[in-house]
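Some notes on the structure that comes next.
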Amino acid sequence: MIKIARRCIHYFVYDMKMYNKFVLIYFIFTIFPFLFFSVNITRAVSGKIFQLEVNSARAVIDQADKLLCNQLQNIIEETYTIYLDNDLYEYLSSDISGDNLYQTHLLESKLSTIVESGKALNASLYLTDSGKISRQHYRCQSLESARHMSWYQIMEKSGQRSLWHFTGTVGYYVSSIYNKYNSKDLIGYVVITFSQNRFLDILDDMCITQNSEAFLTDKNQEIVIHARGSGNSKQVDKILAISEKEDHGSYHVVENKETDQTYILIQETIENKHISGMPRWVLSIALPYHEVTSIVKQILGMLILSAGICIILICFVTSRIIGSITRRIDKLNRNMQRPQKGDFSVNDMAPGCDEISELRRNFNFMLEMIEQLLEEKTQADDHQKDLELNVLQAQINPHFLYNTLDMINWVAISRTPEEVPVITSMLAKFYKLSLNRGARIVRLMDEMEHVRLYIGIQNKRYDSALTLKEQIPEEYMDCASMKILLQPIVENAVLHGIFEKDIPEGTITVSARLEKEETLAVEIMDDGAGIAKDRLEKLKQHKYLADTGGSGYGLSNIEERIKLCYGDGFGLEFESETGVYTKVTVRIRYVKYDSSFKMNKKLGGER
């Protein structure tokens, strides 16, 4: 593990690209911490939001508790009208029986007042002593007439003093009336009939989510009433029947395995100790877990989306900043690679004052110094080459002069003296072209004139034994050429080719063709004795030795001058067949002659 860690560190420090390093550091020290804190903050926020939802439901149920207590209290207080009228209560508690129209009318008036107040649908009084009622009335009746009613049966069975009973769309509040002087003596029942809507409206308002359940249960967990939007009582029964509940303090989490649904159950007991007859009901609200969490998920989704947008913006801005730094480093790196290809030009301006700009300025200064040193070295090399060319030129001129003077001496001895001035005049023109006022570069036509004069001089000596054929297109005659380039080769063709034959006569053909855009190939072909194979191989390998028949000195001189003047890729090429022909191809750079070339010594530059 330690070795792997060391390799990773070494790769990061020395081998990884600068841009990748910046991105990796950015992710390690910025994105990862941001994601870590975002996840933890999101979890904390989701818990808070969930608790807020529970607290909101708790607030709703508290408000509903107050409203229900208020409604129940209003109904209970309606029964107090019987007790608060002392004369009426005294009459009901007495043993007096018989037709008492006044008291009956008073009872009916009290009960009618309750209905007319709008707080109840009906108010009835059922008495055990029917003699106290002057006549049967639908508000004041005998207890015998109520025995078939469901509330009466429940009261008789349970022995309760009061009862809240719901059936259909109405509810009943039944309160027992006992004798003022004997608390065990039942006088009758006051029954207040009311609409369930006043309770249903409260329960409906408790359903804060689409599929939530709101309901009232008694102390035995029997359903008293449930909200209109709560589906049906069977669903509520299933929720109440669940025995496994997770207690979370202010709420319970219950899971219905039959329907595979989970609920958050919040309950509160309705209790008011200051009001007699107040039922001990439990007010409940069941919220589907997925609906509560969906709200949390929506908020979390917004948080995650916001965090994602922030990360994208941060990545974009950071990548732009990192890219601006690495691009400058990459540009500097590319410029540093240019000198490897021989390019020392300085074109990298370096604005700014940071370390990269300072490094670029220092590098530019170094390139300027290197280019200056190279220029000085090039000038020194050119000067050295000029000296070498001058030496080579000085070597070739005496060589040809020796051969020419020997020829003139032979003509003067073997022929009439009148031919000497003609040959001397031709020799003067020949050397006039050779000198050419000190110019090193001449036209190709001047070189051909040089060759013509040489052939003319040799024909004076050898009785027109030589024939010169010129096959150079006119457009190539203006090509710039080294001085004394073709004549030494023609001289070798004459002396070591044609004159080596049994009959010293022959033809020399000079032609030219453009091989490439910048290469002109001048071919000098003779029909002389040719070159032996071993000597030809040495010439092809540019081994111009003294044993090549005496021509090695001149050919070596020309080859060196071509290399110095034109550079590599130019020079001499040999082809020969013994006893048939010899062809020497001279390759030079094809450059149109210009007067500015007169004093130039090198043609290796651009056209």
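Remember, it's a predicted structure, so these values are computed and weren't measured experimentally.
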> Is Arg58 salt-bridged to Glu268, going by a charged N under 4.0 Å from an acidic O?
Replying inline: yes

> Does CG belonging to Asn182 count more than 12 external heavy atoms closer than 6.0 Å?
Replying inline: yes

> Hey, does the Lys NZ or Arg CZ of Arg161 hover above the aromatic six-ring of Tyr178, less than 6.0 Å from the centre and inside 45° of the axis?
Replying inline: yes

>> Run the side-chain hydrogen bond (donor to acceptor under 3.5 Å, both in side chains) test on Glu90 and Tyr181 for me, step by step, so that the C-alpha distance in whole Å, both residues' side-chain angles and the decisive distance to 0.1 Å come before the verdict.
In response: CA-CA 9 Å; Glu90 183 72 26; Tyr181 304 103; 2.5 Å; yes

>> For a side-chain hydrogen bond (donor to acceptor under 3.5 Å, both in side chains) check, start with the C-alpha distance between Ser150 and His165, then their side-chain angles and the critical distance, and finish with the verdict.
In response: CA-CA 9 Å; Ser150 58; His165 179 61; 3.1 Å; yes

Check for a donor-acceptor pair, side chain of [X] on one end and backbone N or O of [Y] on the other, with a separation under 3.5 Å.
X: Asn74; Y: Asn70; value: yes
X: His226; Y: Ile223; value: no
X: Asn55; Y: Gln51; value: yes
X: Ser56; Y: Leu52; value: no
X: Thr519; Y: Glu515; value: no
X: Ser306; Y: Met302; value: yes
X: Gln196; Y: Val170; value: yes

> Is there a side-chain hydrogen bond (donor to acceptor under 3.5 Å, both in side chains) between Glu368 and Asn364 once you walk through the steps?
Replying inline: CA-CA 6 Å; Glu368 290 178 355; Asn364 291 342; over 6 Å; no

> Of the options Tyr172, Tyr189, Tyr152, Trp151, which is the one that meets Tyr126 in a ring pair (Phe, Tyr, Trp, His ring centres under 6.0 Å)?
Replying inline: Trp151

> How are the rings of Phe166 and Trp281 set to each other: parallel, tilted or perpendicular (split at 30° and 60°)?
Replying inline: tilted

